[in-house]
Amino acid sequence: MRYGGPMNDVAIRAEQLTREFGSTRAVDGLAFDVPSGIVFGFLGPNGSGKTTTIRLLLGLLEPSAGTAQVLGHDVRRDAAAIRLQSGALLEYPGLYERLTALDNLDFYGRIWHMPAGDRRARARELLEQFGLWERRDERVGGWSRGMRQKLGIARALMHRPALVFLDEPTAGLDPIAAAQLVDDLDALVVSEGVTIFLTTHNLHEAEKLCRRVGVIRNGRLLAVGSPRELVRSTDGAHVDVIGTGFCDRTLGVLAARPEVSGLNLRDDRLRIELRRDAVMAPLVSLLVEGGVAVEEVRREHATLEEAFIALMEREA
């Protein structure tokens with residue numbers, strides 16, 4: 001089964017993509033599409049197959065079964081063409097710490113056979129985009145990790161690729177640096193129309209940045225869709241009722257309601273986990289009739305992080 005269906009403009013299409021290492025199946029029959037011009041989040045715990053999938057899509061590993069097309073090229077036959085049109089920031093930024101920021105980008109521009117004028121213009125464009133232009137003549141060995149990550153992404157974008165793979169780009173960054181980098185990536189998609197294939201453990205980051213996400217565990221794809229679709233698919237909404245007078249009898253009646261999937265009472269706050277499309281008004285009435293003095297009711301939709309955890313628990 002493919003998640004996502006046919007699209008007119010697809011950057012990546014995987015068809016039962018599989019990779020085995022001996023008796024271990026690291027990637028197991030992945031089938032999904034990534035539309036062009038979006039950030040696609042690829043989410044999963046450590047060891048789930050995320051990095052192996054990236055290496056398959058870049059043609060650095062050959063599939064054991066199935067195939068994929070990246071930017072219209074087959075990963076088995078046209079791996080060199082895929083890498084020419086793609087950028088990647090994987091485990092390391094790929095920077096020369098004794099060189100300045102400008103010299104790093106110029107070096108990579110030479111590798112891509114960019115003319116001198118184009119190299120200079122593109123380097124300035126990217127350094128300004130990431131807020132690094134004023135630091136262009138500094139050796140990057142003395143830079144913070146966040147600044148080096150930004151420069152690493154600029155390096156991956158130097159040759160104007162249509163597709164960029166970013167493997168945990170905000171890992172190890174402080175919250176301020178991570179938030180700034182997310183904003184930079186969001187602006188980049190708008191300004192350049194690039195497609196970004198992003199792996200991350202930061203679910204808040206993925207919810208903010210990604211138009212579509214895929215969730216993988218033990219090499220198998222569990223779900224693909226927009227963050228909102230994944231949240232809806234896991235029922236995840238809850239209501240916090242703040243008040244006094246909660247009693248076992250009333251809570252028992254409430255827990256038996258078909259629209260309620262769980263209750264958690266702590267002090268004067270009752271959290272009611274709701275099933276999809278549940279209506280709250282009858283539940284509040286039930287509490288009031290049971291003697292609860294309700295002071296406040298707060299309904300919140302689940303986050304992508306809660307949906308992700310629910311998927312992990314469902315497949316455990």
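Because the structure is a prediction, the values reported are computed rather than measured. In what follows, residues are counted from 1 in the order of the sequence shown.
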**Q** Quick one: does Thr250's side chain have a donor or acceptor within less than 3.5 Å of a partner on Leu287's backbone?
**A** no
**Q** His201 and Lys50: side-chain contact (heavy atoms from CB on, under 4.5 Å), yes or no, with the steps?
**A** CA-CA 11 Å; His201 287 297; Lys50 301 187 300 295; 3.9 Å; yes
**Q** Can you find a heavy atom in the side chain of Arg257 that is under 4.5 Å from one in the side chain of Leu286?
**A**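 They are in contact (side-chain heavy atoms under 4.5 Å apart), so the answer is yes.
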**Q** Looking at Arg269, is its backbone amide N or carbonyl O close enough to the side chain of Asp267 to form a donor-acceptor pair, meaning the two atoms are under 3.5 Å apart?
**A**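 Checked: no pair found.
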**Q** Any donor-acceptor pair under 3.5 Å linking the side-chain atoms of Asn218 with those of Ser48?
**A** no
**Q** Check Ile12 against Val10 and note the closest heavy-atom contact, atom names and distance.
**A**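 Taking Ile12 first and Val10 second, the nearest heavy atoms are O-CG1, 2.9 Å.
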**Q** Restricting to non-hydrogen atoms, name the atom on Arg76 and the atom on Gly66 that form the minimum distance, rounded to 0.1 Å.
**A** NH2-O, 2.9 Å
**Q** Quick check: does any side chain N or O of Thr170 sit under 3.5 Å from a backbone N or O of Leu173, one acting as donor and the other as acceptor?
**A** no
**Q** Do Arg160 and Asp118 sit within salt-bridge range, that is, some charged N less than 4.0 Å from a carboxylate O?
**A**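 Salt bridge: yes.
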**Q** Can you measure from CZ (Arg135) to CG (Leu102) and round to the nearest 0.5 angstrom?
**A**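 Reported value, rounded in 0.5 Å steps: 14.5 Å.
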**Q** Transitively linked via ILVMFWY side-chain contacts under 4.5 Å: Trp143 with Leu89?
**A** yes
**Q** Nearest 0.5 Å, what's the CD1-CZ distance between Ile196 and Arg211?
**A** 12.5 Å
**Q** Between Phe197 and Phe32, what is the ring plane arrangement, given parallel below 30°, perpendicular above 60°, and tilted in between?
**A** tilted
**Q** Tell me, with the steps shown, if Gln85 and His159 meet side chain to side chain donor-acceptor pair (under 3.5 Å).
**A** CA-CA 8 Å; Gln85 297 177 51; His159 59 299; over 6 Å; no
**Q** More than 12 heavy atoms of other residues, nucleotides or ligands under 6.0 Å from CZ of Arg228: yes or no?
**A**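 No, because the 6.0 Å sphere around CZ of Arg228 holds 12 heavy atoms or fewer from other groups.
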**Q** Does the pair Leu263 and Arg271 meet the rule for a side-chain contact (heavy atoms from CB on, under 4.5 Å), with working shown?
**A** CA-CA 6 Å; Leu263 297 177; Arg271 171 156 294 188; over 6 Å; no
**Q** Show the numbers, then the answer: is there a side chain to side chain donor-acceptor pair (under 3.5 Å) between Ser36 and Asp9?
**A** CA-CA 6 Å; Ser36 298; Asp9 192 7; 3.1 Å; yes
**Q** Can you list the other members of the hydrophobic cluster that holds Ile111, where links are side-chain heavy atoms under 4.5 angstrom apart?
**A** Tyr96, Leu99, Phe107, Tyr108
**Q** Classify the side-chain pair Glu205/Thr200 by whether it contains a donor and acceptor separated by less than 3.5 Å.
**A** yes
**Q** Which heavy atom of Leu157 sits nearest a heavy atom of Leu188, and at what distance?
**A** CD1-CD2, 3.1 Å
**Q** Is the CG atom of Asp137 crowded by more than 12 outside heavy atoms at less than 6.0 Å?
**A** yes
**Q** For Gly146, does its backbone N or O pair with a side-chain atom of Gln149 as donor and acceptor, under 3.5 Å?
**A** no
**Q** Does a salt bridge link Asp183 with Lys208, judged by any charged N lying under 4.0 Å from a carboxylate O?
**A**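 Answer for the salt bridge query: yes.
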**Q** In terms of hydrophobic clusters joined by side-chain contacts under 4.5 Å, are Ile216 and Val70 together?
**A** yes
**Q** Does Ala81 offer a backbone N or O that forms a donor-acceptor pair with the side chain of Asp78 under 3.5 Å?
**A** no
**Q** Taking atom types as modelled and ignoring hydrogens, do the side chains of Thr244 and Asp268 form a donor-acceptor contact shorter than 3.5 angstrom?
**A**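 On atom types as modelled, these side chains do not qualify, holding no pair under 3.5 Å.
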**Q** Look at Glu192 together with Arg122 and state whether they make a salt bridge at an N to O cut-off of under 4.0 Å.
**A** yes
**Q** Out of curiosity, Arg55 CZ to Phe165 CZ, how far, rounded to the nearest 0.5 Å?
**A** 12.0 Å
**Q** Identify whether the distance between the nearest side-chain nitrogen and carboxylate oxygen of Asp184 and Lys150 falls below 4.0 Å.
**A** yes
**Q** Which residue pairs satisfy the side chain to side chain donor-acceptor pair (under 3.5 Å) criterion with at least one member in residues 284-297, sequence neighbours excluded?
**A**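 Sorted result for residues 284-297: Glu296-Arg298.
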**Q** To the nearest 0.5 Å, what is the distance between CG (Leu230) and OG1 (Thr303)?
**A**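 If I round to the nearest 0.5 Å, the distance is 11.5 Å.
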**Q** Classify the side-chain pair Asp28/Thr18 by whether it contains a donor and acceptor separated by less than 3.5 Å.
**A**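 Result is no, nothing qualifies.
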**Q** Please find the pair of heavy atoms, one from Leu203 and one from Leu304, that lie closest to each other, and give the distance.
**A**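 Between these two residues, the closest heavy atoms are O-CD2, 3.8 Å.
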**Q** Kindly give the heavy-atom pair with the smallest separation between Ala101 and Leu127, and that separation in Å.
**A**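 So the minimum-distance heavy-atom pair works out to CB-CD2, 4.3 Å.
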**Q** If Ile, Leu, Val, Met, Phe, Trp and Tyr residues are connected whenever their side-chain heavy atoms lie under 4.5 Å apart, and connections chain through other members, are Val164 and Met158 in the same group?
**A**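 Same hydrophobic cluster.
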**Q** Distance from Thr67 atom OG1 to Glu62 atom CD, nearest 0.5 Å?
**A**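 Those atoms lie 9.5 Å apart.
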**Q** Could you walk me through whether Leu132 and Arg136 satisfy the side-chain contact (heavy atoms from CB on, under 4.5 Å) test, starting with their C-alpha distance in whole Å, then the side-chain angles of each, then the deciding distance to 0.1 Å, before giving a yes or no?
**A** CA-CA 6 Å; Leu132 300 173; Arg136 63 190 180 275; over 6 Å; no
**Q** Determine, using the 4.5 Å side-chain heavy-atom cutoff (strictly less than), whether Leu166 and Leu95 are members of one ILVMFWY cluster.
**A**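 The answer is yes; both residues are in one hydrophobic cluster.
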**Q** Between Pro169 and Ile153, which heavy-atom pair has the shortest distance, and what is it?
**A** CB-CD1, 4.3 Å
**Q** Same cluster or not: Leu198 versus Leu56, using hydrophobic residues (I, L, V, M, F, W, Y) connected whenever any side-chain heavy atoms lie under 4.5 Å apart?
**A** no
**Q** Counting heavy atoms not belonging to Arg83, are there more than 12 under 6.0 Å from its CZ?
**A**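 Yes, because the 6.0 Å sphere around CZ of Arg83 holds more than 12 heavy atoms from other groups.
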**Q** Under 4.0 Å between a Lys/Arg side-chain N and an Asp/Glu carboxylate O for Arg139 and Glu97?
**A**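 Glu97 and Arg139: not salt-bridged.
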**Q** Scan Arg124, Arg119, Arg155 and name whichever one has a salt bridge (Lys or Arg N to Asp or Glu O under 4.0 Å) with Asp106.
**A** Arg119
**Q** Quick check: does any side chain N or O of Arg145 sit under 3.5 Å from a backbone N or O of Ala171, one acting as donor and the other as acceptor?
**A**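 Between the backbone of Ala171 and the side chain of Arg145 there is a qualifying donor-acceptor contact (under 3.5 Å).
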**Q** Apply side-chain contact (heavy atoms from CB on, under 4.5 Å) to residues Ile82 and Val75 and explain how you reach the verdict.
**A** CA-CA 7 Å; Ile82 291 170; Val75 294; 3.8 Å; yes
**Q** Do NZ/NE/NH1/NH2 and the carboxylate oxygens of Glu20 and Arg25 come within less than 4.0 Å?
**A**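 A salt bridge is present here (some side-chain N lies under 4.0 Å from a carboxylate O).
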**Q** To the nearest 0.5 Å, how far apart are CZ in Arg19 and OG in Ser64?
**A**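 Going from CZ on Arg19 over to OG on Ser64, the span is 5.0 Å.
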